[in-house]
Amino acid sequence: MFYPLQINAQHHAFKTGILRIIAALFFTLFIDYGTGFAADDASIARGGRLFDNWFLEMKDYPPTSFHPKYINTRLTNANPEESWRCVTCHGWDYNGMTNQKTGSISGDSGGTPASLAFILQDDNHLFVEIFTDRDISDLAAFINDGLIDFPPYIERGSNLARGNATREVGLYETICANCHGTDGRQIKNIDPLGTYVRNNAREALHKILNGHPGQRMPPMRFLKTKQVSDLLAYTQTLPTKNILGSITRGGRLYDHWPKETGVSPPNYRHPAYPNKDNHSRSHITSWRCKECHGWDYKGNDGIYKSGLHRTGIKGIRAFSGGNPQTVIKILMDENHQYFGVQWKKSVFNKEDLNDLANFVTQGQIDTDIYIDRESGAAKGNPKRLQNLFNTLCAHCHGIDGKALLTGIDVGDAVRNNPWEALHKIRNGHPDESMPALQALDMALIVDILAYAQTLP
Ligand code: HEC
Ligand code: HEC
Ligand code: HEC
Ligand code: HEC
């Protein structure tokens with residue numbers, strides 16, 4: 001297989017017109033395409049998956065530098081691997097991408113294996129010796145017979161599916177739900193299906209018809225246009241993950257993600273954890289967000305500025321109200337190493353990343369408003385909500401807060417570490433059934449905290 005360096009060399013050679021003509025002759029005359037690979041639905045669908053992402057479908061390594069003809073390598077979302085996907089330059093609606101100066105692809109020019117082989121070697125493409133005859137034949141089958149017109153499925157200029165959302169629920173429940181779950185949220189490595197299809201209807205339709213590259217998801221080309229259109233409409237009604245549910249799960253991950261996820265942490269200390277003797281925390285503890293950034297989210301500017309938990313690391317307060325995508329990038333970076341094939345152990349999935357990012361940007365609070373930093377006293381009214389404690393909390397903890405034998409007594413816990421208690425009251429306890437009260441007004445929560453501090 002040739003990769004960018006060689007491709008550049010090839011590219012120079014191609015600049016001389018004579019070589020180009022010889023190449024054209026070679027590909028049209030001497031290579032025998034088309035026999036044995038009929039343009040059946042399977043071939044068309046595979047071509048669609050190659051168009052989507054050929055290296056995932058071929059289980060191959062993508063080139064690591066930008067496609068030499070990719071324009072705008074400095075776009076914020078530009079990425080070398082992506083620049084080699086057909087769809088990046090030709091679009092999910094097959095009508096071209098203005099940022100790549102392409103027009104629509106059509107069977108007229110790339111619909112036979114020979115004509116497509118010629119195009120894929122040209123100056124715009126430089127795909128030399130990457131595809132086998134079968135790949136080219138499948139891609140050509142897709143371009144010739146697999147491109148669809150979107151208007152019957154999706155409203156022009158929007159992402160709204162045109163189908164009837166109630167007619168094909170059974171198709172979803174019997175085929176898709178096996179993997180995606182009845183609510184579309186079972187595969188944790190992608191966004192909830194409903195959210196994804198509402199935002200990316202054309203891309204979703206392409207994947208429904210052709211399957212997902214490198215995955216077992218079945219291509220649905222055998223269905224009638226109307227059925228697919230109805231199926232698409234139904235998937236657009238699937239639920240989004242509730243934002244508060246996401247924030248509070250993020251809070252529990254921040255607290256103790258190995259408990260919350262059941263995934264075991266790496267068996268070495270977190271690379272950003274200071275390697276000093278007085279930091280004798282176990283390797284598990286060193287991977288908890290709270291260990292470096294604090295229960296008050298202030299890191300070295302808060303309660304952890306001294307004592308056994310001091311690491312000197314800054315807090316996460318600057319990201320309150322920030323962009324969740326930036327937080328996700330931070331969790332994947334070399335400093336954190338929570339997600340990415342390049343790290344020794346990638347421990348999060350996409351749902352974990354989203355939930356943590358939502359917590360960091362929308363779920364954290366300035367604890368100084370609710371707890372006196374010097375004395376640790378909750379700044380609430382300890383008399384007002386005894387009743388709420390007795391109804392809600394006492395159900396598990398008992399009226400005196402001592403009923404649970406596994407943890408420490410609520411009174412002691414809330415006096416010793418009110419920041420941790422406040423975090424748990426708002427977000428719940430990792431891997432426990434304790435309710436998260438994030439939805440309640442902070443005035444109520446701080447009153448409960450104040451009452452809990454009076455328990456024996
Ligand atoms: C880095 C960008 C880029 C990538 C990646 C890319 N193309 Fe192209 N492609 C172009 C440009 C530029 C043209 C010429 C402008 C045009 O015709 O729209 C073109 C033209 C074509 C045409 C001829 C269109 C016509 O009808 O005139 C076909 C067919 C085609 N590409 C197929 C593919 C396939 C299949 C892949 C993936 C294996 C692919 N391209 C990947 C940029 C790209
Ligand atoms: C055999 C299991 C399986 C079945 C059945 C299945 N899918 Fe998928 N689907 C997957 C997998 C796996 C992915 C990709 C996950 C990834 O990218 O990591 C996926 C991805 C998708 C995507 C793209 C989502 C994204 O964020 O990239 C869509 C849309 C989709 N499926 C819709 C459907 C629909 C609609 C059906 C029913 C017609 C269906 N799937 C049936 C396994 C399946
Ligand atoms: C072993 C220590 C450690 C752990 C555990 C840790 N971080 Fe960090 N984090 C750091 C360090 C060090 C920085 C500062 C990096 C820098 O200055 O560039 C940082 C920076 C951040 C920032 C950016 C703060 C800013 O203002 O720039 C965020 C957000 C963040 N971490 C979130 C998290 C989350 C969420 C987790 C848990 C999944 C986590 N961190 C776990 C050490 C850690
Ligand atoms: C459904 C049962 C349930 C309810 C209701 C409940 N909790 Fe909990 N709570 C738990 C469990 C289980 C633990 C974990 C105990 C352990 O660590 O073993 C816990 C832990 C705690 C802790 C941390 C103690 C520690 O170990 O540091 C605090 C503080 C706390 N709860 C306060 C409250 C308050 C205040 C309420 C009412 C707003 C409440 N809980 C409601 C089950 C519950």
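Each ligand, and each atom within it, is numbered from 1 in the order the structure gives.
- Residue G315 places a heavy atom under 4.0 Å from ligand 3.
- Both tests pass for K344 against the ring of Y268: distance under 6.0 Å to the centre and angle within 45° of the axis.
- Here F131 has side-chain heavy atoms under 4.0 Å from ligand 1, and that is the only part of it that gets that close.
- Protein atoms that are N, O or S and lie under 2.8 Å from atom 8 (Fe) of ligand 3 are these: H293 NE2, H336 NE2.
- Within the set Y338, F348, F319, Y254, the minimum heavy-atom distance to atom 25 (C) of ligand 3 is found for F319.
- Numbered from 1 in the order shown, with element, the atoms of ligand 3 that lie under 4.0 Å from a heavy atom of L356 read 35 (C), 38 (C).
- Taking the six-membered ring for Trp and the full ring otherwise, W343 and Y338 have centroids separated by 6.0 Å or more.
- Of all protein heavy atoms, the one lying nearest to atom 4 (C) of ligand 1 is C89 SG, 3.3 Å.
- Inside a 4.0 Å radius of atom 18 (O) of ligand 3 there is not any protein heavy atom.
- Here H90 meets the criterion, with an N, O or S atom under 2.8 Å of atom 8 (Fe) of ligand 1.
- Atom 8 (Fe) of ligand 2 has H180 among its coordinating residues (N/O/S atom, backbone or side chain, under 2.8 Å).
- Close N/O approach between G103 and ligand 1 is found [any backbone or side-chain N/O within under 3.5 Å].
- Heavy atoms of L231 found under 4.0 angstrom from ligand 2 belong exclusively to the side chain.
- Between H423 and Y254, the distance from one ring center to the other falls under 6.0 angstrom.
- Distance check for C86 against atom 8 (Fe) of ligand 1: none of its N/O/S atoms falls below 2.8 Å.
- Metal site remark for atom 8 (Fe) of ligand 2: Q215 contributes no N, O or S atom at a distance under 2.8 Å.
- No N or O atom of H67 sits closer than 3.5 Å to an N or O atom of ligand 1.
- Within the structure, ligand 3 lacks R317 among the residues with a heavy atom less than 4.0 angstrom away.
- Of all the heavy atoms of E203, none lies under 4.0 Å from any atom of ligand 2, so neither backbone nor side chain is involved.
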